[in-house]
A.B. asks: 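Before we start, here is the structure in question, set down as structure tokens.
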Amino acid sequence: MTLTGPEIHLSIPADKFATVGVPVWLWTDVTPTTWGPNSATAAVPGLSVTATAQARQIVWDTGDGLSETCRNPGTAYYAGGMTSPTCQHVYQRSSAEQPGLAYPIRATTTWDVTWTGGGASGSLTVTRVSTGQVRVGEVQVLVTTS
């Protein structure tokens with residue numbers, strides 16, 4: 001059975017800057033390997049064991065000292081969307097002082113795995129990690145009076 005970290009998607013394209021104070025949507029593709037469910041059976045003559053895995057949550061370490069825990073895969077961004085109905089993060093500071101001018105992102109999926117076979121059953125928890133980055137800029141306005 002193959003279980004991977006989330007396929008990291010953000011509402012801002014990789015070649016653009018997110019903006020301080022504007023929600024960044026966070027989500028993963030929903031596939032058997034990135035969210036589940038995922039099942040596999042291993043067998044030898046006279047014995048088989050079946051395992052089933054389902055993701056429980058993704059913890060998004062957003063690189064700015066904060067994190068978001070999302071108990072679902074998130075919602076894919078759509079044009080005109082303002083706030084994510086399921087999973088987002090709002091950066092409070094620019095990434096200008098970060099190495100590479102970007103915040104590192106670490107997304108950790110927690111998987112619940114159950115198994116049965118050979119007259120026994122059990123469960124275990126595993127995690128899988130993916131990494132990425134996001135550049136965050138700041139918009140400043142200067143107001144002058146005449």
Side-chain angles (χ1 to χ4, degrees), residues 1-44 47-142:
M1 171 184 310
T2 301
L3 303 177
T4 65
E7 183 68 35
I8 294 175
H9 292 290
L10 308 174
S11 54
I12 188 76
D15 63 338
K16 304 290 183 196
F17 281 83
T19 304
V20 168
V22 176
V24 174
W25 294 30
L26 311 166
W27 76 94
T28 185
D29 294 336
V30 177
T31 69
T33 60
T34 60
W35 188 256
N38 192 338
S39 293
T41 300
V44 296
L47 176 66
S48 69
V49 176
T50 299
T52 301
Q54 177 64 59
R56 178 182 350 135
Q57 68 182 23
I58 301 174
V59 176
W60 299 84
D61 175 349
T62 53
D64 58 353
L66 300 173
S67 66
E68 304 292 341
T69 299
C70 301
R71 302 197 189 295
N72 55 59
T75 302
Y77 178 75
Y78 55 87
M82 297 300 287
T83 60
S84 171
T86 53
C87 189
Q88 68 182 20
H89 181 69
V90 178
Y91 285 92
Q92 299 301 315
R93 297 182 61 174
S94 163
S95 61
E97 295 182 13
Q98 298 297 309
L101 305 177
Y103 286 115
I105 294 176
R106 180 180 171 95
T108 304
T109 303
T110 300
W111 291 85
D112 294 322
V113 182
T114 57
W115 61 270
T116 185
S121 62
S123 63
L124 61 130
T125 301
V126 297
T127 58
R128 297 292 185 264
V129 176
S130 296
T131 59
Q133 63 180 19
V134 61
R135 296 183 304 162
V136 180
E138 189 171 20
V139 177
Q140 296 184 4
V141 177
L142 176 63

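Quick caveat: nothing in here was measured; it's all calculated off a predicted structure.
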A.B. asks: I need the minimum non-hydrogen distance between Leu47 and Gly118, along with the two atoms involved.
C.D. replies: CD1-CA, 3.2 Å
A.B. asks: How far apart are the closest heavy atoms of Gly5 and Arg128, and which atoms are they?
C.D. replies: N-CB, 3.3 Å
A.B. asks: Can you see which heavy atom on Ala18 is nearest to which on Val134, and at what distance?
C.D. replies: CB-CG2, 4.2 Å
A.B. asks: So, Ser130 side chain and Pro6 main chain: donor-acceptor pair closer than 3.5 Å or not?
C.D. replies: yes
A.B. asks: Any donor-acceptor pair under 3.5 Å linking the side chain of Ser11 with the backbone of Trp25?
C.D. replies: yes
A.B. asks: What's the separation between atom OG1 in Thr69 and atom CD in Gln57, rounded to the nearest 0.5 Å?
C.D. replies: 5.5 Å
A.B. asks: Restricting to ring pair (Phe, Tyr, Trp, His ring centres under 6.0 Å), what partner residues turn up for Trp27, sequence neighbours left out?
C.D. replies: His9
A.B. asks: Return the orientation label for the Tyr91 and Tyr103 ring planes: parallel under 30°, perpendicular over 60°, tilted otherwise.
C.D. replies: parallel
A.B. asks: Going by side-chain contact (heavy atoms from CB on, under 4.5 Å), Leu3 matches just one of Thr127, Thr34, Thr33, Asn38. Which one?
C.D. replies: Asn38
A.B. asks: Nearest 0.5 angstrom please: Leu26 CG to His89 NE2, how far?
C.D. replies: 8.0 Å
A.B. asks: For Ser123 and Trp115, which heavy atoms make the closest approach, and how far apart are they?
C.D. replies: N-NE1, 3.7 Å
A.B. asks: Rounded to the nearest 0.5 Å, what separates atom CG in Leu10 from atom NZ in Lys16?
C.D. replies: 15.0 Å
A.B. asks: According to side chain to side chain donor-acceptor pair (under 3.5 Å), does anything in residues 92-101 pair up with another residue at least two apart or in another chain? List the pairs.
C.D. replies: none
A.B. asks: Within a radius of less than 6.0 Å around CZ of Arg106, do more than 12 heavy atoms belonging to other residues, nucleotides or ligands occur?
C.D. replies: no
A.B. asks: Locate the shortest heavy-atom distance separating Gly132 from Ile8; write the atom from each residue and the value.
C.D. replies: N-CD1, 3.9 Å
A.B. asks: What is the distance from atom CH2 of Trp111 to atom CD of Gln54, rounded to the nearest 0.5 Å?
C.D. replies: 7.0 Å
A.B. asks: Atom CG of Asn72 and atom CD1 of Ile58: how far apart are they, to the nearest 0.5 Å?
C.D. replies: 8.0 Å
A.B. asks: Quick one, Thr108 with Asp61, criterion side chain to side chain contact (heavy atoms under 4.5 Å, CB included). Give me CA distance, side-chain angles, the key distance, then yes/no.
C.D. replies: CA-CA 8 Å; Thr108 304; Asp61 175 349; over 6 Å; no
A.B. asks: Please give me the minimum heavy-atom distance between Gly137 and Phe17, naming the atom from each residue.
C.D. replies: N-CD2, 3.7 Å
